[in-house]
Protein chains: 2
Amino acid sequence: MKLPGKTVERLSEYRRTLMGCLGEKKNFIFSHDLAARLHITAVQVRRDLMLIGYSSVQRKGYDVKELIEKIGTVIDSDDSMNVAIIGIGNLGRAVAGYFKGKRSKLNLVASFDTDPQKINKVISGVKCYPHNDMEKIMKDLNIRIAIITVPPDYAKDIAEEAVRFGVKGILNFTTIPLNVPSWVFLEEYDMITSIEKVAFFVKENMI
Amino acid sequence: MKLPGKTVERLSEYRRTLMGCLGEKKNFIFSHDLAARLHITAVQVRRDLMLIGYSSVQRKGYDVKELIEKIGTVIDSDDSMNVAIIGIGNLGRAVAGYFKGKRSKLNLVASFDTDPQKINKVISGVKCYPHNDMEKIMKDLNIRIAIITVPPDYAKDIAEEAVRFGVKGILNFTTIPLNVPSWVFLEEYDMITSIEKVAFFVKENMI
DNA sequence: GTGGTATTGTTAATTAATTAACATTGGTGT
DNA sequence: ACACCAATGTTAATTAATTAACAATACCAC
Ligand SMILES: NC(=O)c1ccc[n+]([C@@H]2O[C@H](COP(=O)([O-])OP(=O)(O)OC[C@H]3O[C@@H](n4cnc5c(N)ncnc54)[C@H](O)[C@@H]3O)[C@@H](O)[C@H]2O)c1
Ligand SMILES: NC(=O)c1ccc[n+]([C@@H]2O[C@H](COP(=O)([O-])OP(=O)(O)OC[C@H]3O[C@@H](n4cnc5c(N)ncnc54)[C@H](O)[C@@H]3O)[C@@H](O)[C@H]2O)c1
């Protein structure tokens, strides 16, 4: 199914919000309620759901459980997809921590590092392999997604290796942008940008 | 100066890229070169720079040092702005680590936590204060920006406190969206969204 | 010097994303 | 039963963001 990236992002957010609803025993939710929780408009929610072809039980709002499943059929892969974190430092551990105990189609199956203190240990719930074994492990475990959290200087090489070893998607948290072949999906996020953006608008608001 | 958020983000990225150029003794750069490093188009670069009123020395490209300064006058505050991290766990430490040793208008001056193991220690280069002292410290140190990295359940309360204690901008890394008064600038980032987005496009590319 | 060229700044056009508008629907209260 | 209402799905309009187009400019080679 062809969807704008922005819509995919929101679908992911909808699902997480909906899971929260289940927790609070809320089994139906209106578009404007879901929208308010995410600081967006109800129209946007309805439009996104239209795109994935979901229809509600009229007048009762969306069936939370059903919608969670529907979103799953759209954004999740059919069978599970294996993920690795490269560089299990502070950021890497934070990301790993998120996966711990979660059941989803995304499985964090390995991390890689060069630090002898870390390799061959289980860190934040995932085994850390030596960087030297990346080729073997990535191929053996059929890793499709790499999350890169090594120091910036190593990022370029790591990304090239990951691609060479079969990775099809990269999430780069490093401060330097990467180049990958067109068949590899690359998403980059640099927190510094966010911090500076906040600072800018705080400054502007104060003037 | 009124600028679109997207442009502000890119300006921050331009500056970081330009600093990298200085490192490699590159004192002039063409729009298309800068663009290529960030996976965007040259037109976009030129357009952004037009918005901030920067002009190059024709035919030689942009003067790197000069442009860095120009961007600074636009996006930085005149005097420095104080920042705190709330919740100095894995993610909090990762963010703190970034500030360490950096000289900029943004000063990380405090972190807060509830964990007795952490409070009153210096962690990742910043002193950790007990959560109970937040009011006093935030007011004393004139903290304007809070980066929230506490466990999700606490995020709402923490944000309310931060606002009450004078914070004007919040960067929320928690999985749950926050609500803040209109005069507080809120930026939210949820890595799970990015991960799921990558997974989606990897799946689509494989079909 | 002059012609050719690469690069810029800027306006106009295009494309993407969001929002508004509204007919439709099924439940609710009387 | 029937009128009303609240909420949806969808098309159309609006707004935001990006890209294309191109005249202007300064350098370089000759
Ligand atoms: N780790 C990820 O990849 C990831 C992804 C998305 C969101 N997040 C979110 O980021 C946040 C932090 O993640 P983490 O991995 O660093 O968790 P963590 O448990 O390592 O750190 C949380 C820290 O907050 C402190 N804390 C708890 N209550 C507090 C309070 N009331 N005031 C001040 N400090 C308090 C804890 O003592 C701890 O040090 C969580 O909300 C998590 O959901 C993390
Ligand atoms: N901390 C932040 O807020 C922040 C912000 C923006 C970007 N980043 C980027 O995130 C990355 C990680 O940050 P961090 O704070 O977790 O750093 P960190 O130093 O804590 O972790 C880096 C880890 O990578 C490992 N490593 C080094 N070389 C490696 C290699 N060749 N192969 C595998 N592993 C290797 C190190 O042993 C270490 O465990 C850095 O690139 C940093 O610039 C961080």
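Keep in mind that this is a model prediction, so the values were computed, not measured. Scope of the values below: all heavy atoms of this structure, side chains included, with no hydrogens, waters or symmetry mates. A note on names: the letters A, B, ... follow the listed sequences, proteins ahead of strands, and every chain is numbered from 1.
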Protein-nucleotides 9-11 of chain C N/O pairs closer than 3.5 Å?
residue	atom	partner	partner atom	Å
C:dG9	OP1	B:Ser56	N	2.8
C:dG9	OP2	B:Tyr62	OH	2.9
C:dG9	N7	B:Arg46	NE	2.9
C:dG9	O6	B:Arg46	NH2	2.8

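- By the 4.0 Å N-to-carboxylate-O rule, B:Glu160 lies close enough to B:Lys156 to be salt-bridged with it.
- Taking the C1' atoms of five terminal pairs at each end of the helix from C:dG1-D:dC30 to C:dT30-D:dA1, the two resulting helix axes are inclined by 20°, rounded to 10°.
- The separation between A:Lys60 atom NZ and C:dT28 atom P is 9 Å, rounded to whole Å.
- A distance of 8.0 Å separates OH in A:Tyr14 from CD1 in A:Ile71, rounded to the nearest 0.5 Å.
- Note that CE of B:Met138 is 10.5 Å distant from CZ of B:Arg144, once rounded to the nearest 0.5 Å.
- We find the OG1-CZ distance between A:Thr193 and B:Arg16 to be 3.5 Å, quoted to the nearest 0.5 Å.
- Atoms CG (B:Leu11) and P (D:dA17) sit 14 Å apart, rounded to a whole Å.
- Regarding B:Ile52, its CD1 atom lies at a distance of 14 Å from the P atom of C:dT8, rounded to whole Å.
- In this structure, the NE2 atom of A:His39 is 16 Å from the P atom of C:dT18, given to the nearest Å.
- For the pair A:Gly61 and B:Ile40, nearest-nucleotide mapping onto DNA chain D gives the more 5' position to A:Gly61.
- Salt-bridge formation is detected for the pair B:Glu24/B:Arg37: a Lys NZ or Arg NE/NH1/NH2 atom is positioned less than 4.0 Å from an Asp or Glu carboxylate oxygen.
- Separating the CD atom of A:Gln44 from the P atom of C:dA20 is a distance of 11 Å, rounded to the nearest angstrom.
- In this structure, the side chain of A:Arg93 engages the main chain of A:Ile88 through a donor-acceptor pair within 3.5 Å.
- A salt bridge does not link A:Lys65 to A:Glu69: none of the charged nitrogens lies less than 4.0 Å from a carboxylate oxygen.
- Following rounding to the nearest Å, A:Asp48 (CG) and D:dG9 (P) show an atom-to-atom distance of 12 Å.
- Atom NZ of B:Lys26 has more than 12 heavy atoms from other residues, nucleotides or ligands within 6.0 Å.
- Note: A:Tyr189 and A:Phe173 have perpendicular aromatic rings, judged against thresholds of 30 and 60 degrees for the angle between ring planes.
- Taking a 4.0 Å limit (strictly below) on heavy-atom distances, residues 19-32 of chain A does not reach DNA chain C anywhere.
- Rounded to whole Å, the distance from CG on B:Asp63 to P on C:dT7 is 17 Å.
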(request) Determine, step by step, whether B:Asp113 and B:Ile123 satisfy the side-chain contact (heavy atoms from CB on, under 4.5 Å) criterion, reporting the C-alpha distance in whole Å, the side-chain angles of both residues, the deciding distance to 0.1 Å, and the verdict. (result) CA-CA 11 Å; B:Asp113 210 296; B:Ile123 298 173; over 6 Å; no
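- The nearest whole Å value for the distance from the CG atom in B:Leu51 to the C1' atom in D:dA17 is 11 Å.
- Looking at B:Glu66 and B:Lys60, no side-chain N of the basic residue comes within less than 4.0 Å of a carboxylate O on the acidic one, giving no salt bridge.
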